[in-house]
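Below is one structure. I have some questions about it.
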Amino acid sequence: MYPKPIFIKHANQVITLKGSSQQPLAREKMSDLHIIEDGAVWVEDGLIKATGKTADLAAQYQSRLEEAEIIDASGKILLPGLVDPHTHLVYAGSREEEFNMRLNGATYMDIMNNGGGIHATTSMTRKASEEELVQESLIRLDCFLKHGVTTVEAKSGYGLDWDTEHKQLLAAKKADKLHPIDVVPTFMGAHAVPAEYKENPDAFIDLVIEEMLPKVAEEKLAEFNDIFCERGVFTPEQSRKLLEAGKKFGLTPKIHADEIEPYEGAELAAEVGAISADHLLRASDNGMEMMAEKGVIGVLLPGTAFFLMAEAARGRRMIDKGVPVALSTDCNPGSSPTCSMPFMMNLACMHMGLTPAEAITAATINAAHAINRAKEIGSIEQGKKADLLLLNVPNYMQMQYHYGMNHTDTVIKNGEIVVKGGSLCCQR
Ligand code: NIG
Ligand code: FE
């Protein structure tokens with residue numbers, strides 16, 4: 001049962017991103033937002049039924065205006081709901097002590113190699129119950145929703161053993177059911193080498209391939225298969241083996257690539273036909289070119305570079321080389337403890353050289369492509385899900401210009417108003 005129709009009228013700008021559902025946008029196409037000035041949208045049965053100039057839509061729906069909830073969007077802009085294509089949503093605990101250690105000179109990899117980092121969250125997540133993981137995830141999802149995000153990807157990877165990976169994926173599924181935000185699951189059994197396999201990481205990869213992948217596929221727990229390909233974690237050879245094995249189980253490859261050091265992760269993403277390569281702080285020019293040729297989406301995580309105080313990924317160069325770029329929070333307790341996609345968009349402009357228009361494309365339709373959802377979400381077009389974000393700014397450039405602020409006024413998810421005046425107004 002859907003609520004009554006919604007008529008959004010007089011938006012200063014409706015950012016439609018029309019015509020982008022087939023392929024991720026690259027190069028100059030990332031700047032073409034297909035804006036309707038003084039725009040309107042008619043929402044019904046959870047879907048976008050019509051878009052156009054306010055005068056035209058008001059005339060078209062004249063006989064039905066009385067039955068609709070009317071939102072006067074004067075002075076505001078309407079975007080597709082933001083899509084976050086890379087999160088580690090489901091975990092227990094927090095790691096502010098490590099943040100303090102890093103501010104005192106320790107590095108992210110030092111902390112991890114000394115049993116902290118991913119290992120610390122793994123031991124807290126192993127101890128948590130499924131219900132506790134669900135509750136922690138729901139709190140984070142509320143925060144995402146208040147920042148205008150209507151779909152998130154969520155990875156496992158804080159188990160490094162089957163029982164905990166399973167528990168995380170089940171928690172993601174429950175959170176998806178209980179919360180208005182759609183949660184798209186990714187299996188990331190190979191997120192770190194567990195202490196038990198420190199001397200023999202190859203045996204751990206074999207365990208993931210032989211014992212975990214078949215169960216993930218059988219229980220339909222995930223759509224994507226991800227790995228942390230990084231010097232000191234998993235090698236490109238181990239990554240290739242796992243990602244190829246996942247394909248046989250119908251899992252589409254994703255990869256944490258070239259985050260801390262150049263390691264030919266971008267090249268590997270192109271070779272295995274990954275849907276996206278993520279991070280890419282140290283990706284080579286050759287890797288970028290190979291990604292562009294194969295249409296691999298570069299999911300950039302500017303918050304991670306910011307929080308690790310590292311040099312950002314070369315987003316401008318990737319776009320100029322033809323890589324379709326998407327943006328994400330990388331929401332996780334170690335390298336990016338945030339749910340703010342708008343701030344990621346600000347950082348992409350300030351530290352990666354994206355323009356405000358490119359940042360919007362990267363956080364909507366290209367992000368939807370990176371999780372194989374571009375047919376349903378990511379643009380404002382007839383027949384797509386009514387996932388919409390009304391921002392309290394008069395034009396899209398101001399979204400980036402007034403940085404570090406949450407301009408969210410109203411969020412509509414599946415045709416239902418879930419945030420009003422910046423506050424949650426939905427039941428869960
Ligand atoms: O994407 N780099 C690997 N994984 C996460 C961080 C996980 C953590 O520190 O807990 C990332 O940055
Ligand atoms: Fe990540």
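Counting starts at 1 for both ligands and their atoms, in listed order.
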Residues in contact with ligand 1, criterion: heavy atom under 4.0 Å:
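Under the 4.0 Å cut-off, ligand 1 touches His86, His88, Arg95, Tyr108, Ile118, Tyr158, His191, Phe228, His256, Glu259, His279, Asp330, Asn332, Gly334, Ser335.
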State whether a side-chain donor-acceptor pair under 3.5 Å links Asn286 with Ser284.
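No, no side-chain donor-acceptor contact under 3.5 Å.
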Does any donor atom in the side chain of Thr410 or Lys76 lie under 3.5 Å from an acceptor atom in the other side chain?
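Thr410 vs Lys76: no donor-acceptor pair found between side chains.
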For Gln398 and His407, does a side-chain donor sit closer than 3.5 Å to a side-chain acceptor?
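His407 and Gln398 do not have a side-chain donor-acceptor pair below 3.5 Å.
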Where do Asp142 and His179 land on the side-chain hydrogen bond (donor to acceptor under 3.5 Å, both in side chains) test, with the steps shown first?
CA-CA 8 Å; Asp142 283 349; His179 201 277; 2.8 Å; yes
Do Ser94 and Glu96 meet the criterion of a side-chain donor-acceptor pair at a distance under 3.5 Å?
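A donor-acceptor contact under 3.5 Å links the two side chains.
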Taking side chain as C-beta onward, heavy atoms only, is Arg231 less than 4.5 Å from Ile260?
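In short, these two side chains do not touch, never coming nearer than 4.5 Å.
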Nearest 0.5 angstrom please: Ile205 CD1 to Glu237 CD, how far?
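Answer for the CD1-CD pair, Ile205 versus Glu237, is 11.5 Å.
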Counting no waters, what protein N/O/S atoms lie under 2.8 Å from the Fe ion (ligand 2)?
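You should have found His86 NE2, His88 NE2, His256 NE2, Asp330 OD1.
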His86 vs His279 aromatic rings, parallel, tilted or perpendicular, using cut-offs 30° and 60°?
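The rings of His86 and His279 stand perpendicular, inter-plane angle above 60°.
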Under 3.5 Å, is there a donor-acceptor pair between the side chain of Arg314 and the main chain of Met352?
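Side chain of Arg314 to backbone of Met352: no pair is present.
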